[in-house]
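Structure first, commentary second.
Numbering of ligands and ligand atoms starts at 1, following listing order. Computation of the quantities below employed the complete heavy-atom set of this structure, encompassing side-chain atoms and omitting hydrogens, waters and symmetry-equivalent molecules.
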Amino acid sequence: MLDKLTQIEAVASQALAQVQDEAALEQWRIAHLGRSSPLMQVFSSLGALPREKRPAVGQKANEVKKALEAAFAARSEALRQAALQRALSQERLDVTLPGRPIVRGRLHPDTQILRELYQIFREMGFQIYRSREVETDEYNFQLLNFPVGHPARDMQDTYFLQAEGRGDNPLLLRTHTSPGQIHAMREIAALDPDNPPPVRIILPGMVYRYEQVDARHETQFDQLEGLAVGPNITFSDLKGTLADMARRLFGPRARTRFRASFFPFTEPSAEFDIQCFQCGGKGCAVCGGGWLEIGGSGMVHPVVLRNGGYDPARYTGFAFGFGVQRIAMLKYGIPDIRYFWENDLRFLEQF
Ligand code: DAH
């Protein structure tokens, strides 16, 4: 039995020397130290031995087991070290490789066109005035000469936020940037109430309408409002300003046209069009009839001037407002307003 144990150890040691990887090592462990390995069978057969032989055989079996276990651990560690060395030499980091290019973002087409407009109006002396998107009925409508129940309100389907307990003055999402006119005039007039300073501002920002969404209508869009108030401001100042904007946006040959219209907060009121830069006014797929409708404008209504703190006997003013996406659509030939907020990179990456 003792010879058998010596032989078991020799065979196992030899086999271990052949082991080259983790899988083979595990197989070796099962074969030579596992429950049905020859060594373990020696342990199970101890009871069948004559009593006086048991201690010697048992002791030897234990020694062999310890020796094999130690050899197993050593081999396992050696394999691990070898694998590590291999990984270190083969997977060496090449710090001289060029880096991965960083994907650079870009400005949203909406931001681009807004900045272009800011630049155009800055050169004409307009400052940017921002005001809130959550408004009261009073500012969004009443102070702009839309009385409660006035049919002109129907042009602007409104999202109401809170009506309860607020009577005729519910909270709403602004339907246009025009309420900013009142905020701005009041703020600027307060600087010198007896002699309010002149105003020359643009008011950009998001507006919200409860619209049926289609290629030309969204429930949110940017407007750019303009307001100039001072002594002797005339309709020709308005025409000159918008004609100049059109030339700076669409080129020196861009022509503008005014059509009589109605807005409660201007008198007289006009819609303004720009001659199509694609077809030069002949009519094409972009414009239809040769002219592109841009927005509304007019001379600030005396009631609105007074609500802003300006005496209509001493001051006049012009105002205009248009959809920023409209301009971007015309300028870049974008056929559908829904692209702007869809967050589709295939669209955004073109700008
Ligand atoms: N606020 C109007 C709208 O959203 C547009 C507008 C028309 C603004 C005439 C003006 C203006 O300042 O004078 O439909």
Side-chain angles (χ1 to χ4, degrees), residues 117 121 124 126-133 135-147 150-159 172-185 199-211 216-230 233-243 245-246 256-274 292-305 307-308 310 312 315-327 337:
L117 288 164
F121 282 102
M124 291 194 260
F126 286 79
Q127 289 183 300
I128 296 175
Y129 185 92
R130 293 183 187 278
S131 71
R132 64 201 68 177
E133 294 181 11
E135 273 295 357
T136 57
D137 189 280
E138 188 185 16
Y139 273 87
N140 197 77
F141 292 123
Q142 294 163 37
L143 293 168
L144 291 168
N145 206 25
F146 294 78
H150 193 283
R153 290 178 176 223
D154 293 349
M155 292 195 297
Q156 305 185 357
D157 287 323
T158 309
Y159 286 113
L172 45 83
L173 287 174
R174 67 176 175 190
T175 56
H176 51 174
T177 40
S178 305
Q181 291 188 21
I182 303 287
H183 289 295
M185 280 192 285
V199 178
R200 200 188 291 175
I201 52 172
I202 50 172
L203 307 100
M206 256 323 158
V207 304
Y208 302 87
R209 303 233 183 134
Y210 183 56
E211 294 276 4
R216 296 176 72 79
H217 297 91
E218 256 290 12
T219 53
Q220 64 169 75
F221 51 98
D222 276 295
Q223 282 192 338
L224 191 88
E225 185 99 7
L227 176 68
V229 177
I233 291 204
T234 67
F235 201 96
S236 28
D237 295 318
L238 169 63
K239 288 184 79 170
T241 303
L242 290 177
M245 176 192 85
T256 41
R257 159 176 103 170
F258 289 77
R259 285 175 292 114
S261 184
F262 170 79
F263 301 101
F265 40 92
T266 43
E267 184 59 37
S269 303
E271 282 177 61
F272 68 99
D273 304 341
I274 295 179
L292 304 159
E293 293 178 18
I294 304 288
S297 64
M299 298 306 291
V300 181
H301 196 287
V303 167
V304 175
L305 283 174
N307 288 340
Y310 286 78
Y315 292 88
T316 51
F318 69 73
F320 58 85
F322 54 80
V324 175
Q325 276 77 53
R326 263 291 158 87
I327 300 260
I337 195 170

Point to revise | Check: Glu225/Gln181 side-chain N/O donor and acceptor closer than 3.5 Å | key: yes
Ligand 1: which protein N/O atoms lie under 3.5 Å from its N/O atoms?
unit_1, atom_1, unit_2, atom_2, d
ligand 1, 1 (N), His176, ND1, 2.9
ligand 1, 1 (N), Ser178, OG, 3.0
ligand 1, 4 (O), Arg209, NH2, 2.9
ligand 1, 4 (O), Gln223, NE2, 2.9
ligand 1, 12 (O), Gln181, NE2, 3.3
ligand 1, 12 (O), Glu225, OE2, 2.7
ligand 1, 12 (O), Phe320, N, 3.4
ligand 1, 12 (O), Phe320, O, 3.3
ligand 1, 13 (O), Ala319, O, 3.2

Practice item. Name all residues meeting the side chain to side chain donor-acceptor pair (under 3.5 Å) criterion together with Gln127; count only those two or more places apart in sequence or in a different chain, and write none if there are none. Key: none
Check your understanding: Would Arg153 and Asp137 satisfy salt bridge (Lys or Arg N to Asp or Glu O under 4.0 Å), going step by step from the backbone distance to the final call?
Key -> CA-CA 11 Å; Arg153 290 178 176 223; Asp137 189 280; 2.9 Å; yes
**Study point:** Glu271 side chain to Ser261 side chain, donor-acceptor N/O pair below 3.5 angstrom
**Key:** yes
**Study point:** Beyond-backbone contact of Ser178 with Phe265, side-chain heavy atoms, under 4.5 angstrom
**Key:** yes
Point to revise | Exam field: side chain Gln325 to backbone Asp222, donor-acceptor pair closer than 3.5 Å | key: yes
